[in-house]
J.: 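I am attaching a structure below and will ask some questions about it afterwards.
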Amino acid sequence: MTEPYIVFDLKQFRNNISELEKISGINFLYPVKCCTHSDVLDIIGASRFGFDVSNLNEFELVRQYITSERIVTSSGPLSYQLYEKFNNK
């Protein structure tokens with residue numbers, strides 16, 4: 001049985017992100033659960049995109065890239081946990 005896989009053209013991905021960043025007035029968010037590969041996160045982290053995280057594991061994956069202005073969560077308890085983590089860096 002073959003393992004599932006995905007193929008990324010990282011150069012094109014980077015170009016797409018750059019094109020999206022040219023749009024003014026929109027703060028884009030990358031939902032971390034979509035793909036947690038380090039190369040993808042590095043590209044998003046170097047951009048002006050923010051991150052949408054749904055749990056502490058996702059937060060830890062992107063922590064090196066973020067400030068409190070670049071992270072969003074819709075979970076009340078998670079929001080409090082993230083607040084605690086940011087204040088105890």
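Since the model is a prediction, treat every value here as computed from it, not as a measurement.
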J.: Taking the side chain as every heavy atom from C-beta outward, state whether Leu41 and Tyr65 have any pair of such atoms under 4.5 Å apart.
T.: yes
J.: Between atom CD1 of Ile26 and atom CD of Glu21, what is the distance when rounded to the nearest 0.5 Å?
T.: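 The CD atom of Glu21 is 12.5 Å from CD1 of Ile26, to the nearest 0.5 Å.
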J.: What distance separates Ser47 OG from Asn16 CG, expressed to the nearest 0.5 Å?
T.: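 Answer for the OG-CG pair, Ser47 versus Asn16, is 12.0 Å.
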J.: How long is the span from the CD atom in Glu60 to the CG atom in Asn55, to the nearest 0.5 Å?
T.: 10.5 Å
J.: Work out which heavy atom in Lys33 is nearest to a heavy atom in Glu58; give both atom names and the distance.
T.: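 Smallest heavy-atom distance, with atoms named: CB-OE2, 3.2 Å.
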J.: Does some side-chain heavy atom of Thr36 sit less than 4.5 Å from a side-chain heavy atom of Val32?
T.: yes
J.: Please answer: with hydrophobic residues joined when any side-chain heavy atoms are less than 4.5 Å apart, are Val7 and Ile17 in the same cluster?
T.: no
J.: Applying a strict under-4.5 Å side-chain criterion to I, L, V, M, F, W and Y, I'd like to know whether Tyr5 and Leu10 cluster together.
T.: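 Result: no, two separate clusters.
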J.: Residues in side-chain hydrogen bond (donor to acceptor under 3.5 Å, both in side chains) with Gln64, at least two apart?
T.: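 Partners of Gln64 by the side-chain hydrogen bond (donor to acceptor under 3.5 Å, both in side chains) criterion come out as none, since no residue qualifies.
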J.: Listed by chain and number, what are the salt bridge (Lys or Arg N to Asp or Glu O under 4.0 Å) partners of Lys11, not counting sequence neighbours?
T.: none
J.: Could you tell me whether the side chain of Phe8 reaches within less than 4.5 Å of the side chain of Val40, counting heavy atoms only?
T.: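 They are in contact (side-chain heavy atoms under 4.5 Å apart), so the answer is yes.
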J.: Is it true that the side chains of Glu19 and Asn15 contain a donor and an acceptor less than 3.5 Å apart?
T.: no
J.: More than 12 non-hydrogen atoms from neighbouring residues, nucleotides or ligands closer than 6.0 Å to CG on Asn27, yes or no?
T.: no
J.: Keeping Tyr30 on the side-chain end and Cys35 on the backbone end, is there a donor-acceptor pair under 3.5 Å?
T.: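 Answer holds: yes.
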J.: Are Leu20 and Phe49 packed together at the side-chain level, in the sense that at least one heavy-atom pair is separated by less than 4.5 angstrom?
T.: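 Yes, close enough: below the 4.5 Å cut-off.
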J.: Indicate yes or no: at least one non-hydrogen side-chain atom of Phe28 is less than 4.5 angstrom from one of Ile23.
T.: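 They are in contact (side-chain heavy atoms under 4.5 Å apart), so the answer is yes.
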